[in-house]
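Let me give you the structure first, and then I'll get to my questions.
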Amino acid sequence: MPGPTADLFADEALQQPAGREQIGEESYVLRGYALPWIERLLPELRRVLAQSPFRQMVTPGGFTMSAALSSCGELGWTTDARGYRYSPFDPRSQQPWPVMPDTLRQLAVAAATEAGFGGFQPDACLINRYVPGAKMSLHQDKNERNYSAPVVSVSLGLPAIFLFGGHARSDKTQKVSLFHGDVVVWGGVDRLRFHGVMPIKDGLHSIMGPQRINLTFRTAG
Ligand code: SIN
Ligand code: FE2
């Protein structure tokens, strides 16, 4: 039976209103939005990763990415010497990517709606794993066919500093701290803004351990 402390934390997590912080004209951080979903989401995520495990990919420029990647949904994002692209197949197994689990999809659709993007139909969920020291350089999400759909990004585990830039790589970036359960949604006029993640600091998260996992949902096809 969970003790009084566990109950207290559970209540706190559920009662916390999902604070909506605006970080762009059509971009929001939904604080703690994913917290009530996490218990249902983690077993689904584990099943996805058993089928398509994390692996480090190489960029067309020949660099090995520090974040390890996997995907679920009809399309998965991949990179290799030939370029960046979406593929219906996991290059490791040559099999289709795992189906996008219901809880993941429902969370992404609900968060998109909360941020003003009703009718979101994600067909791709990229799963990034960052161990301490891993980062994501500034980039635009522009391999998708559909820019009218937003990007929905769910943070789990160790905290991160998310860099949210402008439409040019050299534009000034905002630093946004992201914690376990936070969801960022950017779309519309902000859909192609540069973004990245600063190197993750050492730490141990009580649920996720020594890592950060980020799920990004998009309409790619
Ligand atoms: C990404 O841009 O693909 C990942 C962003 C993040 O890890 O927060
Ligand atoms: Fe991205």
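Note that ligands are numbered from 1 as they come in the structure, with each ligand's atoms numbered from 1 the same way.
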Which ligand 1 atoms, with their elements, are less than 4.0 angstrom from a heavy-atom of Tyr130?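 Listed by number with element: 4 (C), 5 (C), 6 (C), 7 (O).
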
To the nearest 10 degrees, how large is the angle at the Fe ion (ligand 2) between His139 NE2 and Asp141 OD1? 90°

Give the atoms of ligand 1, by number and element, whose distance to some non-hydrogen atom of Arg218 is under 4.0 Å. 3 (O)

Residue Phe63 excluded, over 12 heavy atoms near CZ under 6.0 Å: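 No - once you tally the heavy atoms of other residues, nucleotides and ligands closer than 6.0 Å, there are 12 at most.
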
I'd like to know if Gln140 contacts ligand 1, where contact means a heavy-atom distance under 4.0 Å to any ligand atom. no

Under 4.0 Å from one or more heavy atoms of Val197, ligand 1 contributes atoms 5 (C), 6 (C), 7 (O), 8 (O)

Check whether any side-chain heavy atom of His205 sits under 4.5 Å from a side-chain heavy atom of Leu156, and report yes or no.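 They are not in contact (no side-chain heavy atoms under 4.5 Å apart), so the answer is no.
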
Report, in ascending order of atom number, the atoms of ligand 1 lying under 4.0 Å from any heavy atom of Arg212.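 Numbered from 1, ligand 1 contributes 6 (C), 7 (O), 8 (O).
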
Under 4.0 Å from one or more heavy atoms of His195, ligand 1 contributes atoms 2 (O)

Should Leu163 and Leu138 count as side-chain neighbours, where that means a heavy-atom distance under 4.5 Å? yes

Under 4.0 Å, heavy-atom basis, I'd like to know which part of Arg129 is in contact with ligand 1: side chain, backbone, both or neither.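 Contact part for Arg129 vs ligand 1: neither.
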
Does the distance from a Lys or Arg side-chain N to an Asp or Glu carboxylate O, for Asp80 and Arg85, drop under 4.0 Å?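 A salt bridge links Asp80 with Arg85.
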
